[in-house]
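Here the structure is a predicted model, which is why all the values come from computation and not from measurement. Chain A is the first sequence line, chain B the second, and so forth, proteins listed ahead of strands; every chain is numbered from 1.
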Protein chains: 2
Amino acid sequence: MISKKMKELVANSSAIRAMFEEGARLAKIYGAENVYDFSLGNPNVEAPAQVKQAVIDIVSKEDPLMLHGYMSNAGYEDVRETIAQSINRRFGTAFGVNNIIMTVGAAGGLNVILKTIIDPGDKVLTFAPFFGEYRNYVNNVNGTLEAVPPVLETFMPDMEKFEEMIQPDTKAVIINNPNNPTGVVYPTETIEKIAGILDKKQKEYGKSIYLISDEPYRELAYGGVEVPYLTKYYKNTIVGYSYSKSLSLPGDRIGYLVIPSEMDSYEDVFEGACVANRILGFVNAPSLIQRVAARCCEEKTDIDFYDENRKILYGALKEYGFDCVEPQGAFYLFVKSPVEDEREFCAAAKKHNLLIVEGRAFGCSGYVRLAYCVSRETVVNSLPAFKALAEEYGLI
Amino acid sequence: MISKKMKELVANSSAIRAMFEEGARLAKIYGAENVYDFSLGNPNVEAPAQVKQAVIDIVSKEDPLMLHGYMSNAGYEDVRETIAQSINRRFGTAFGVNNIIMTVGAAGGLNVILKTIIDPGDKVLTFAPFFGEYRNYVNNVNGTLEAVPPVLETFMPDMEKFEEMIQPDTKAVIINNPNNPTGVVYPTETIEKIAGILDKKQKEYGKSIYLISDEPYRELAYGGVEVPYLTKYYKNTIVGYSYSKSLSLPGDRIGYLVIPSEMDSYEDVFEGACVANRILGFVNAPSLIQRVAARCCEEKTDIDFYDENRKILYGALKEYGFDCVEPQGAFYLFVKSPVEDEREFCAAAKKHNLLIVEGRAFGCSGYVRLAYCVSRETVVNSLPAFKALAEEYGLI
């Protein structure tokens, strides 16, 4: 007696979350130290010490009625102003309080902006491979998600296909930079190409096409790689940000949307997003955590830790004969399955207590995703298991 | 270029929220102490001292990776178990960890359960007058909300109309006890009648009809009035709870759903609600605040403060000749407008710096709502303004 849509959704429920539950089950049997769970993007680096201090300072000193009360659906004005100024300092933008809406993480923010702009039947494009939840988010508002295929050697978007796929019913494009699941960072050149194609198509169809930039991994870029700030390249950009990774606060659900003043229908979009935040049941981003985010918005998690994990795991997998693009950001490796059906490979890996996620969950069969946001021990101790797996497939 | 649905929603946006913004504007002009803002249910009683202590203890002592990390979409198991046991102790129920899903307030919980059970075109009933957001929540999942009219003398549901309105496409009924905006508490007798009608209709149509009990005001009942626990009267009941009022934490967005094991399709509903929590973008209720709620789930806000406000305001309004049912719960008064069009009355009130909300926002024209969860000074200082308003309308 649940809804038909939900019945399907439960049946096809997140492969990632299923792995997470499977990991908990295996840990009970074999002991947590003998299960190598690379399934979920759950940071294994503690939140910066400043977060703890900020929580204590704020509850100790601030007026509890203000701290725990309702505020505007967009969030506290001082929090939004602080965050706008921080973005401006770092990226040379010129945002203010009326360009920021605090959200329940990036997942909340994406649902809010899709609710604001998508009519039933509207098409939303994204670049494969992509975070599988985008399909559900677009489905929530009765839109249709289509994935632009990548150039497999680099996992950059196939620009010809992208241009072809933008049709009169295309209302938005979702981009994820750095990318989950590949770890690829789209460079300025790629962003300029995307912006150029969108500008051309906007003119051709006489309508606005919004670019939604999902940026939970913005701060996680390695070796000095720069992640371009998309509002500078395309005026109809909306940024969805999350502190889940940069401050290791995924459970606390805090992030924001950036809605630039120069975009088409700015006032409608901003006001619509405030209403959407309310009626979707978020009402506002969690109040205490909003204030913590503002206090810590220039802190960063220990990126070197992830970088080291990346180097160890990428190096070992290459050594064992696996095929994989070197990631420059986020905390994922997207490895080519040695057999066509990667579900078979995932099953084989599980026999070695290695939990990895099938590529089809990201719209890209034949690959698997490893989340290396795990402890150093998990990375190091997993290597013999990966080696054994490589031997099983005759890679070494 | 925003969606058509959102364009309408923005145009008809919450009258309550509009008043809230108007209050802020007037406060800047006249000074906050001279504006009597009865528009929003934003508690003016501080969170219990235990909340502050719980926050400090938890961030000081608990493992930050666990405290700020992802957990199951349903929430921390120990938090859910603690809350289940607390409900059991107070209401003689027998819930466990698998009957509780932590949510982003009751608003989040209602959206989650509606997403779980409603197919496009399904009908949802509620009892007028009702919290206007229900219409948006049902609309989010492409269902249709219909309001059962009240008996105006008592604001109890018209049971004949209720029975008539349950049709084969009715999938759920939302009840709000204590009621916003009337402050009425539906007694056991009323709940039994509702349950009897639903049982009869379930048999007649050979289908499940879910009763969704929205209970953010459960702890706010005055003079020893008992608020029945609905799962004991009707097995297909889902409870949506929030700590917004009981712990004065509306900004922090924390609540839960109760999904009893004995309900029809329990497993599908529970699993569906977990998936809905994830894909709607909540992912999970805010983690730190979940743990605070568990620690403080038997604490209560200062109910005597609201009771005293209620007595002063209700007494004065009756003395000035206004017509109003005496509220037994929540923190609202639902006052009959002295003129048919209550918008005229609201406009007249605003000239006295009295901010009150039109009844049509709750599906009941001809009345206005006053939220008396304000400071004692606001209540006391507003009385001359109410008196002047009464004189203007010749009530005294």
Side-chain angles (χ1 to χ4, degrees), chain A residues 1-6 9-10 13-14 17 40 42-44 46-47 52 55-56 59 64-65 68-71 73 104-105 107-108 110-111 115-119 133 136-137 140 207-208 248-253 264-265 268-269 271-272 275-276 278-284 286-289, chain B residues 1-6 9-10 13-14 17 40 42-44 46-47 52 55-56 59 64-65 68-71 73 104-105 107-108 110-111 115-119 133 136-137 140 207-208 248-253 264-265 268-269 271-272 275-276 278-284 286-289:
Chain A
M1 291 304 286
I2 62 171
S3 79
K4 288 182 196 77
K5 215 172 180 176
M6 187 50 71
L9 285 165
V10 169
S13 187
S14 169
R17 280 282 169 174
L40 194 66
N42 200 7
N44 205 275
E46 285 185 11
K52 179 173 158 179
V55 172
I56 293 172
V59 294
L65 282 183
H68 301 296
Y70 286 129
M71 79 300 301
N73 297 127
V104 171
L110 290 187
N111 274 283
K115 176 84 180 170
T116 307
I117 62 176
I118 300 302
D119 274 308
E133 292 289 85
N136 294 323
Y137 301 165
N140 284 339
K207 61 173 283 189
S208 310
S248 285
L249 299 174
D252 290 298
R253 315 303 305 130
D264 297 342
S265 312
D268 279 352
V269 174
E271 206 180 337
V275 171
R278 196 190 85 225
I279 69 177
L280 289 175
F282 302 110
V283 183
N284 52 252
S287 52
L288 165 60
I289 309 297
Chain B
M1 291 306 283
I2 61 171
S3 79
K4 288 180 196 78
K5 215 171 179 177
M6 187 50 70
L9 285 166
V10 169
S13 187
S14 169
R17 280 284 169 171
L40 193 66
N42 200 6
N44 204 274
E46 283 185 10
K52 180 174 159 178
V55 172
I56 294 172
V59 295
L65 283 182
H68 300 297
Y70 286 128
M71 78 301 302
N73 297 128
V104 172
L110 291 187
N111 275 283
K115 177 84 180 171
T116 307
I117 62 177
I118 299 301
D119 274 308
E133 292 290 85
N136 294 323
Y137 300 165
N140 284 339
K207 62 172 281 188
S208 310
S248 286
L249 298 175
D252 290 297
R253 315 303 305 128
D264 297 343
S265 312
D268 279 353
V269 174
E271 207 179 337
V275 171
R278 194 190 86 223
I279 68 176
L280 289 176
F282 301 111
V283 184
N284 53 251
S287 52
L288 165 61
I289 309 296

Which of the residues [options] is involved in the greatest number of heavy-atom pairs with chain B at under 4.5 angstrom?
{"options": "A/N44, A/L280, A/V283", "answer": "A/L280"}
{"options": "A/L249, A/N136, A/D119", "answer": "A/D119"}
{"options": "A/I56, A/L65, A/V55, A/V275", "answer": "A/L65"}

Might you point out which heavy atoms bring [X] and [Y] nearest each other, and give the distance in Å?
{"X": "A/N284", "Y": "B/G251", "value": "ND2-O, 3.0 Å"}
{"X": "A/Y70", "Y": "B/R253", "value": "CE2-NH1, 4.2 Å"}
{"X": "B/G69", "Y": "A/P250", "value": "CA-CG, 3.9 Å"}

What part of [X] gets closer than 4.5 Å to chain B, counting heavy atoms only: side chain, backbone, both or neither?
{"X": "A/S287", "answer": "both"}
{"X": "A/D264", "answer": "neither"}
{"X": "A/I118", "answer": "backbone"}

Separation between [atom1] of [X] and [atom2] of [Y], rounded to the nearest 0.5 Å:
{"X": "B/I279", "Y": "A/N140", "atom1": "CD1", "atom2": "CG", "answer": "5.0 Å"}
{"X": "B/D252", "Y": "A/H68", "atom1": "CG", "atom2": "NE2", "answer": "5.5 Å"}
{"X": "A/K5", "Y": "B/K115", "atom1": "NZ", "atom2": "NZ", "answer": "4.5 Å"}

I'd like to know which of B/A107, B/S3, B/G105 tops the heavy-atom pair count under 4.5 Å against chain A. B/S3
Where does [X] contact chain A at under 4.5 Å (heavy atoms): side chain, backbone, both or neither?
{"X": "B/N42", "value": "both"}
{"X": "B/S248", "value": "backbone"}
{"X": "B/P64", "value": "side chain"}
{"X": "B/L40", "value": "side chain"}
{"X": "B/N111", "value": "side chain"}

For A/M1, is there any backbone N or O sitting under 3.5 Å from a side-chain donor or acceptor partner on B/D268?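 Absent.
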B/L288 vs A/L288 side-chain heavy atoms within contact, under 4.5 Å: yes
